[in-house]
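Let me begin by presenting the structure, written as structure tokens, before commenting on it.
Quick note: residue numbers are just sequence positions, from 1.
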Amino acid sequence: MTDNKFTKMKDEIDMFIDRGDIYGASFSFINENQIDSFYHGFQGKDAFAERLDPSMIYDLSSLTKVVATTTRVFQLLAIHELGLKDSVTAYLPGFSHPEVTIENLLLHNSGLPADVENERNLTGVELIKKLYEDPLVYQPGEKTVYSDLGFILLGLIIRTLNGSIDKSVQDHIWYPLAMTNTGYNLNRPKSRFVPTEVDAQRGQIQGQVHDYKALLLNGESGHSGLFSTLSDLTVFTEMMINRGKYQKKEILDPNLFDLMASYDENGRTLGWRRVNHKEQYVQTGYTGTILSFDPEIKRGFVFLTNRIYPTRENSRWSEDRDRLIDLFFEG
């Protein structure tokens, strides 16, 4: 690793671990000619303190939105099975708002609220019913409100078109990229999963999706539920910095990256957050995950940790996360 920026970021990560903001992290720096991967510290506490290694599997949380859902939607757009201006009701007739489009869902400006209330009192069927029937909280396109709910709908649209979200992304993304340890409801030894949180109702969550709405949807949703390893996500990021190509295979139409660059709606493009009004893209997850890339200069950064173990009472992590993102994109 020769890049001064990456060296500085690595030192910052070690500082976060040393002062106890996180127990450990798996992270990689990617450029056109080199990949450097690191596994620093432990994950978990006391009897559950596992030294990190390349086999460890993380709950990706909201990275699901971009790695699985947005990527698959882009593929469906490229083959004209979806259109950005299509009404959601063209695919989900039970949805009550024909004015909401696929584009609105991807841009987080659909009018849907950020979340549902009292999710722990709902069943999966009740969650979907609420999503379909509750009123919008603003007019589509009026403002940007980052929403899990729009991506739950996108996942349901993928399921409508392909029969299963899991099989759809497996066949069209994981398989061609040889991402063998990525998926929903992964069947792997429990010891390989980074423990997520100690929950009053569920006990220690490990190997089962942390997000409760995704749990209600049997672990398979467009907004959360994906598990993966650092090496698999590094491969995905290589593909993204090369505008959809990986080892001579075209996973995404390169024209889609021009489409992404054409949107800058309150700091968002289709699926991703934009940084500095440039072709710089990032997505973060509640559990502490970061995926960022710049296809112009062909650099990427993947960061996996679990900042909510044993509890989510971690006031410093959001500042740490923003510091890493700023360092990656500066200069």
Side-chain angles (χ1 to χ4, degrees), residues 13 16-17 19-27 39-53 55-65 67-68 114-124 127 146-149 151-152 181-230 233 283-291 302-322 324:
I13 292 165
F16 301 154
I17 295 170
R19 74 184 186 192
D21 295 3
I22 51 177
Y23 288 105
S26 304
F27 54 98
Y39 303 87
H40 287 197
F42 292 79
Q43 195 62 71
K45 184 181 178 184
D46 301 330
F48 299 103
E50 298 278 352
R51 181 170 288 282
L52 293 174
D53 65 53
S55 73
M56 301 301 279
I57 299 168
Y58 288 81
D59 183 329
L60 298 189
S61 188
S62 283
L63 294 196
T64 304
K65 292 182 174 77
V67 177
D115 213 336
V116 295
E117 294 180 0
N118 302 317
E119 60 185 35
R120 296 215 175 201
N121 296 322
L122 300 174
T123 64
L127 172 63
Y146 180 82
S147 173
D148 283 352
L149 309 186
F151 272 74
I152 294 176
N181 288 301
T182 301
Y184 295 98
N185 298 310
L186 279 183
N187 183 18
R188 301 288 189 279
K190 190 173 181 179
S191 61
R192 285 188 59 191
F193 290 89
V194 167
T196 314
E197 186 178 28
V198 179
D199 181 85
Q201 293 178 330
R202 298 169 63 189
Q204 172 148 305
I205 303 168
Q206 186 174 10
Q208 185 184 54
V209 65
H210 175 263
D211 182 275
Y212 200 79
K213 295 186 295 299
L215 185 69
L216 291 177
L217 299 171
N218 301 313
E220 188 177 326
S221 178
H223 78 292
S224 190
L226 203 63
F227 288 84
S228 190
T229 60
L230 178 66
L233 282 188
Q283 175 69 17
T284 61
Y286 186 76
T287 51
T289 53
I290 305 170
L291 197 160
V302 181
F303 181 87
L304 301 176
T305 191
N306 176 33
R307 60 99 189 169
I308 59 172
Y309 189 88
T311 76
R312 61 188 68 188
E313 302 302 321
N314 185 338
S315 58
R316 277 199 299 228
W317 172 248
S318 61
E319 293 178 12
D320 297 345
R321 177 198 63 202
D322 292 346
L324 290 177

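In this structure a side-chain-to-backbone donor-acceptor pair under 3.5 Å is present from T287 to D59. Checking side-chain atoms of N185 against main-chain N and O of N218 turns up a donor-acceptor pair under 3.5 Å. No side-chain donor-acceptor contact under 3.5 Å links N118 to the backbone of N121. Checking side-chain atoms of Q43 against main-chain N and O of N306 turns up a donor-acceptor pair under 3.5 Å. Between the side chain of T229 and the backbone N or O of I57 there is no donor-acceptor pair closer than 3.5 Å.
Residues passing the ring-ring contact (aromatic ring centres under 6.0 Å, His included) test with F193 are F227, sequence neighbours excluded. A search for side chain to side chain donor-acceptor pair (under 3.5 Å) contacts involving T64 returns nothing, not counting sequence neighbours. Annotation: side-chain contact (heavy atoms from CB on, under 4.5 Å) contacts of D199 (sequence neighbours excluded): R120, Q201, R202, I205. D115 meets the salt bridge (charged side-chain N to carboxylate O under 4.0 Å, His left out) test with K213; sequence neighbours excluded. With sequence neighbours excluded, no residue forms a ring-ring contact (aromatic ring centres under 6.0 Å, His included) with Y23. For S147, the side-chain contact (heavy atoms from CB on, under 4.5 Å) partners at least two apart in sequence or on another chain are H108, L112, L149. Under the side-chain contact (heavy atoms from CB on, under 4.5 Å) criterion, F42 pairs with A49, R51, not counting sequence neighbours. A search for salt bridge (charged side-chain N to carboxylate O under 4.0 Å, His left out) contacts involving R316 returns D21, not counting sequence neighbours. Under the rule for a salt bridge (charged side-chain N to carboxylate O under 4.0 Å, His left out), the partners of E197 that lie at least two apart in sequence or sit in another chain are R312. Every side-chain contact (heavy atoms from CB on, under 4.5 Å) that L216 has, sequence neighbours left out, goes to L122, L127, Y212. In terms of the side chain to side chain donor-acceptor pair (under 3.5 Å) criterion, residue partners of S26 (sequence neighbours excluded) are, by chain and number, Y58. Scored by the side chain to side chain donor-acceptor pair (under 3.5 Å) test, S55 finds D53 as partners (sequence neighbours excluded).
Separation of atoms CD1 (I308) and CD1 (I22) is listed at 13.0 Å; rounding is to 0.5 Å. Interatomic distance, L324 CG to T284 OG1, rounded to the nearest 0.5 Å: 11.5 Å. In this structure, T305 OG1 and F16 CZ are separated by 11.0 Å, a value rounded to the nearest 0.5 Å. From S221, atom OG reaches atom CZ of F151 across 10.5 Å, with rounding to the nearest 0.5 Å. In this structure, the separation between CE on M56 and OG on S228 is 13.5 Å, given to the nearest 0.5 Å.
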**OP:** Show your reasoning for whether side chain to side chain contact (heavy atoms under 4.5 Å, CB included) applies to L60 and L304.
**Re:** CA-CA 8 Å; L60 298 189; L304 301 176; 3.9 Å; yes

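Put simply, the side chain of T182 reaches to within 4.5 Å of the side chain of L226, judged on heavy atoms. Using a 4.5 Å cut-off on side-chain heavy atoms (C-beta onward), R192 and N181 make contact.
When each of Y286, F303, Y309 is tested with W317 by the rule ring-ring contact (aromatic ring centres under 6.0 Å, His included), just one qualifies, namely F303.
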